[in-house]
Structure formats: C-alpha cells, structure tokens
Amino acid sequence: MKTPWLLDLTAAMVLLVFVASSMPLVSSDPGQRVSMTLVRGAAALGAFCLDGSLPAYHLDKGFGAGSNNWLLQFEGGGWCNDIASCVERSKTRRGSTRFMSKTAVFTGILSNNASLNPDFYNWNKVRLRYCDGASFAGDAQFRNGTSMLYFRGQRIWKAIILDLLPKGLAKARKALLTGCSAGGLSTFLHCDNFKNYLPKTANVKCMSDAGFFLDAIDVASNRTMRSFYTKLVSLQGIQKNLDPNCTRAFYPEPSLCFFPQYALRFIKTPMFILNSAYDVFQFHHGLVPPSADRTKRWNHCKLNVTACNPHQLDALQGRTCWEH
Ligand SMILES: *[C@@H]1O[C@H](CO)[C@@H](O)[C@H](O)[C@H]1NC(C)=O
Ligand SMILES: *[C@@H]1O[C@H](CO)[C@@H](O)[C@H](O)[C@H]1NC(C)=O
Ligand SMILES: *[C@@H]1O[C@H](CO)[C@@H](O)[C@H](O)[C@H]1NC(C)=O
Ligand SMILES: *[C@@H]1O[C@H](CO)[C@@H](O)[C@H](O)[C@H]1NC(C)=O
Ligand SMILES: *[C@@H]1O[C@H](CO)[C@@H](O)[C@H](O)[C@H]1NC(C)=O
C-alpha cells in the first residue's frame, strides 16, 4: 500500500519555496524581548498547564499600518501521551509556566524589523506558550490520591483568545495563525475555530510549519505515529475537540482526525503547509523510530541524509511497500 506521503509533500514543497523566499532562515536579527502575560481569566475556565499553573502568551503590539493585523504563533515541543511522561513534563518549561523564561525573544516571522520581516513586522504578534502536551487540543484531567495533572490544552487556547479579543483581536482585519512542529499541528486543529472568533470581514489564513505529521508505516511495518497519537487522544480527552465532520467520517477510528492528512479536507479556512521532505522528526520518530531499527542499519543515513543508500531513499520517499 502506498502512503499519501508523496502526494501531500508535493503540494507542501511548492509552498516551501513560496514561504522560504519571504522568511530568511538565518539572520543576525537580535530580535526584540517581549515579556510574558499570564492569562488571569484562565482559572475561571479551568484552563491550566499540566501542573496547574496559569497559561501564558507574549504579545508585541502592532503599529502603523499593522495595528489591526494579528499573527498568532503556537509554540511547539512534542507531546506527552502517558501519565509518567506528563508528570515529567509538568516539572519542566514544557508543562508549566512556573519554569518558563518570562521573556521571549521575537525573531523571524515575529521580528519587528521591517527589512527582515517585511510582511509582518508591524502586526500584533503573539506567541502562545505550550504547556499542555497535546497541541492545545486536550480536555481531561488525571488525579489519584497523590498526583494531579491538567490536560486542558483546548481551554488554554480558548482562554488566550478570549484574553486577546478585547486587546484588539476582535477588530482584526487580517489574521494569520501559525506554529511550528507540535505547534504546526495545533495550527491545523484550530484554524477554523480561530476564524470563527474573528469578524466576518477579516481576512484569515493559517500556516503550519513542520506540523504535517504523517500516519506513516515505519520500516518495521508498524504504525508508530498512529499508536502514539491514539494513546495521546485517549489520555488527554482530545476526541471531542476534533472536527465532528471528520470524526464522523473516520468512525470507528475518530482519533485519526488528529492527523492533518485526514483533517485537512474538512478545514475551510485557507491553509498553507510548509514541510520538509526529510523532516527530521518524521524521519527519526515516525518512519525509522529506534524501535523499528534495533540493528541500527539506519544510523548513518539518519545522521547524514547524503549517506543513505538508494533503498533507504526509496523508503523515505514513500516508494517502498512495507506491508507484507
Ligand atoms: C534590521 O535588520 C537589518 C538587517 O539585518 C539591520 O541592518 C538593521 O540594523 C536592523 N534594524 C533595526 C532597527 O534593528
Ligand atoms: C499517582 O500517580 C503517580 C504518577 O503515576 C504515582 O507516582 C503515584 O504513586 C500515584 N499515587 C497513588 C496513590 O496511586
Ligand atoms: C513492530 O512490528 C514487529 C513485526 O513487524 C513486531 O514484532 C514488533 O513488536 C513491533 N514493534 C513495536 C514497537 O510495535
Ligand atoms: C460539517 O459539514 C456540514 C456539511 O458540509 C457543514 O455545513 C458544517 O459547517 C460542517 N461542520 C463543521 C464544524 O465544520
Ligand atoms: C555525509 O555523507 C557524504 C556521503 O557519504 C559525505 O561525503 C559527507 O562528508 C558527509 N557529511 C557529513 C557532515 O558527515
């Protein structure tokens, strides 16, 4: 069976060229330092980081012609899909605002330097801090006699939006929702919902950067990513926050709608996809996870793609049939 890999990546790579031309990948931009805003209203919504701390964002106010334009960027940083890894995460900056640096340095698409970031430098720019471990999509909690974990990503998303609306987001003329990696996945999951919060007249678009995680079959014929996400969706109570039209279509496996390749056709808002064909995460954790390469035949190729043999390149390009 052929995976949808090639088809999807072809479209994505066209966009890669388009986007890369407007965003320098390497720059000497020192960036501007932007302080953290804790979302005070989050508690009333039950929106907490894994450890129960308040969620947060960083806002750099727009100016001039960009005053009514808004760019929101989801922070990335993997996921936790079992109690042990979420407990670990809750003690780090990935699961608690208590452990985060209280200022963020805005560079790249968040830079306020017009020559480095000509399209967005004067927009209102927001970085949404990631502390739920489920791409801002969970809604559950765990408690036993001694421990408590909040899986409240969806509520964090809502709390941040409700905090930003009176700060000018409610009057947005143009808006872009974006994010990288786990934040790139959040971008797919929240794109239409974002549009629903904004004025009907607003021009709203989304851009996912390295968030197109594939439901791929790994080199040991296992669906490693599917198993990982199925556990995540179940642990963190994500299913009810996925697009209902998608979960209906994929019944009895609604958790598949956590994958962009299945959710995409239900997204109505314009969506730009940026993804590398040799995305390191997908290569190292999805296609050739350590569990699928115990003999380490892939080590050279993993460290240096130009050292891959033709068979390995075929595998990475989705030209090999894995299913027996
Ligand atoms: C903006 O970036 C350019 C190019 O790196 C640099 O020469 C210029 O000094 C920067 N402007 C400001 C205000 O930092
Ligand atoms: C509660 O869960 C934590 C994390 O798994 C564990 O360390 C602890 O022993 C559990 N406590 C009880 C009372 O089961
Ligand atoms: C992967 O699949 C093989 C059989 O192809 C199986 O023996 C193995 O347990 C699987 N590994 C994981 C981590 O699921
Ligand atoms: C589900 O699909 C119907 C019919 O195409 C559409 O009217 C509705 O807006 C969709 N719902 C969502 C949440 O996108
Ligand atoms: C990567 O592999 C190629 C081909 O084997 C080799 O020429 C190159 O020096 C390697 N690069 C690094 C950084 O190891």
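The first residue in the sequence is number 1, and the count goes up from there. Both counts, for ligands and for their atoms, begin at 1 and track the order of listing.
- For atom 7 (O) of ligand 1, no protein heavy-atom neighbour is found at a distance under 4.0 Å.
- Within the listing of ligand 2, atoms 1 (C), 8 (C), 10 (C), 11 (N), 12 (C), 13 (C) sit less than 4.0 angstrom from a heavy atom of T146.
- The ligand atoms of ligand 1 that sit less than 4.0 angstrom from a heavy atom of L116 are 2 (O), 5 (O).
- One option in N113, N117, D29 has a heavy atom closer to atom 10 (C) of ligand 1 than any other, and that option is N113.
- In summary, the aromatic rings of F213 and F259 are positioned with their centroids too far apart to meet the 6.0 Å limit.
- Atoms of ligand 2 found under 4.0 Å from any heavy atom of I83 (numbered from 1 in listed order, with element): 4 (C), 5 (O).
- Atom numbering of ligand 5 starts at 1 in the shown order; those under 4.0 Å from a heavy atom of N304 are 1 (C), 2 (O), 3 (C), 8 (C), 10 (C), 11 (N), 12 (C), 14 (O).
- Here F283 and Y278 keep their ring centres 6.0 angstrom or further from each other.
- Aromatic ring pairs are classed by plane angle as parallel below 30°, tilted from 30° to 60° and perpendicular above 60°; the pair F74 and F136 is tilted.
- One N or O on the side chain of Q32 and one on the backbone of L110 form a donor-acceptor pair closer than 3.5 Å.
- In summary, the aromatic rings of F281 and W79 are positioned with their centroids under 6.0 Å apart.
- Scored by the side chain to side chain donor-acceptor pair (under 3.5 Å) test, N122 finds no partners at all (sequence neighbours excluded).
- Remark: minimum distance from atom 2 (O) of ligand 2 to any protein heavy atom is reached at N144 ND2, 2.3 Å.
- Considering only non-hydrogen protein atoms, atom 3 (C) of ligand 1 sits nearest to S115 OG, 3.5 Å.
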Salt bridge (charged side-chain N to carboxylate O under 4.0 Å, His left out) between R223 and D215, intermediate numbers included:
CA-CA 7 Å; R223 291 204 181 258; D215 179 25; 3.4 Å; yes

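- The closest protein non-hydrogen atom to atom 4 (C) of ligand 5 is T306 O, 3.9 Å.
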